[in-house]
Amino acid sequence: MVWALSWLLPLSSVLDPGLAAGSGQAIVTGVSNPGQILIYRPTGAGFQRESIDVGYRYVHTVRVGDIYNDGRPAIVAGVGNSHFGPPWGCWVVAFRLGERGWRKEIIDHLNEPRCKDLAVGDADNDGKNELVLGTHGEGIVKVYKWDGAKWGTQVVERNWIAQVDRAERTNHRVPRDRLTYDYIVQTAVHIVKIADVDHDGKNELIVTMSTPLELKTLKRGPGELGFVRNLDGGAKNDLFVGGAPGHLFMYQWWKEGWHKRLIHRESIEEDMKGLTVGDPYNSGKDVLVLATGWPHSLISTFSWDKEQFTKKMVGNIAELLKPYNPIERLEYNAMEVQVKDLSGDGKKELVVAGLTKAPRFGFEGTVLGFLAVFRYDGTGWTHQILDQYAVLGMDIGRL
């Protein structure tokens with residue numbers, strides 16, 4: 001049994017205090033040092049925060065969904081200690097709320113440094129949800145299916161970079177003397193998504209992969225982020241992918257092939273990990289939302305205007321948090337961005353979360369980060385900083 005701590009956060013300027021607590025959606029984050037799952041529920045007084053201690057150093061990814069196909073949502077997460085101490089490997093764990101608190105189930109354990117991303121959806125088009133995992137290490141893409149009594153599994157992909165190395169006689173493997181444990185660190189799976197991208201009425205599994213982050217040689221693989229949605233008015237889904245260094249592309253499937261279009265070239269920020277599609281302006285029209293990182297964490301929207309995308313700035317996390325910085329020259333990186341109606345008032349908010357790093361220190365040791373909510377009032381953006389934990393993953397859903 002896993003017990004949760006809870007307390008009230010100050011009244012949020014984003015949420016209407018008159019709304020009923022049960023009408024909203026909860027923000028769920030996975031944080032590091034120590035690894036916790038934090039749940040922020042909208043209430044009549046603002047937000048109520050709950051904390052679940054997972055027992056490991058990192059929660060690399062977290063999702064909310066009906067993984068058991070019984071109509072009850074669960075929190076599912078990828079947890080572990082990365083390279084920083086035993087127990088080695090990473091775990092896929094699920095939490096469901098019972099009468100006596102949060103109940104934990106271990107779904108799987110893999111000899112990989114990071115269970116990096118999870119997706120919940122109908123991956124095999126049978127009308128039921130599956131759980132999909134992507135890892136760093138061998139770069140495993142694995143599908144989990146609950147049959148009512150146990151989890152069935154299928155490995156879809158394993159170590160794509162090794163296949164490239166064999167074909168091209170290259171070597172992208174991290175040297176053993178740079179590791180604290182004998183992992184095979186060769187392929188980094190960053191994002192897994194489930195969506196219909198070729199317009200045949202059936203879902204596909206979309207995966208972004210690259211060479212290891214430890215080597216900084218992102219020469220292969222589409223990149224850091226991906227999202228699927230129709231934005232250009234063509235009544236068909238498009239695939240949006242961020243590629244290194246600093247490019248955001250739209251891939252369109254037509255005439256039996258993929259066609260690539262450059263949307264944005266980033267000249268300031270190093271990373272582009274946060275990408276989603278939604279209507280944060282509450283205008284009835286979806287836009288592309290991008291949250292970047294290192295050094296500032298800039299949040300922008302891209303709206304389709306006839307034949308091109310028009311960019312608008314939303315905010316700069318480094319500037320917003322400057323008055324609260326305990327360390328000079330902190331750098332900020334957004335790990336996730338979503339657009340959802342948190343409070344149930346029919347208006348959507350933009351939620352962004354991420355972490356920091358200090359000069360000469362890496363980000364895996366940090367305890368500082370951010371969780372921020374932005375709302376458009378018709379003329380400009382207001383914001384609320386909810387927390388400053390180091391967030392590696394975030395999702396929003398009903399619990």
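- Looking at Glu157 and Gln163, their side chains do bring a donor and an acceptor atom within 3.5 Å of each other.
- Every residue meeting the side chain to side chain donor-acceptor pair (under 3.5 Å) condition with Gln36, not counting sequence neighbours, appears here in chain and number order: Ser51.
- A side-chain N or O of Thr301 and one of Tyr281 form a donor-acceptor pair less than 3.5 Å apart.
- The ring-ring contact (aromatic ring centres under 6.0 Å, His included) check on His264 picks up Phe302, with sequence neighbours excluded.
- Listed here is the closest heavy atom pair of Pro73 and Arg96: O-CD, 4.0 Å.
- Within 6.0 Å of NZ in Lys347 there are 12 or fewer heavy atoms belonging to other residues, nucleotides or ligands.
- A centroid separation of less than 6.0 Å is found between the aromatic rings of Trp146 and Tyr68.
- By the side chain to side chain contact (heavy atoms under 4.5 Å, CB included) test, Tyr144 is found to be paired with Val92, Ile107, Asp108, Leu110, Leu131, Leu133, Lys142, Trp151, Thr153, residues two or more places apart in sequence or in another chain being considered.
- Atom CG of residue Asn333 and atom CG of residue Asp271 lie 4.5 Å apart, to the nearest 0.5 angstrom.
- In terms of the salt bridge (charged side-chain N to carboxylate O under 4.0 Å, His left out) criterion, residue partners of Asp147 (sequence neighbours excluded) are, by chain and number, Lys150.
- By the salt bridge (charged side-chain N to carboxylate O under 4.0 Å, His left out) test, Asp305 pairs with no residue at all, sequence neighbours left out.
- Residues forming a salt bridge (charged side-chain N to carboxylate O under 4.0 Å, His left out) with Glu364 (at least two apart in sequence, or on another chain): Arg114.
- Here Thr292 contributes atom OG1 and Leu275 contributes atom CG; the two are 11.5 Å apart, rounded to the nearest 0.5 Å.
- Salt-bridge check for Glu112 with Arg158: failed, with every basic side-chain N at 4.0 Å or more from each acidic carboxylate O.
- The backbone N or O of Leu118 sits less than 3.5 Å from a side-chain atom of Arg63, completing a donor-acceptor pair.
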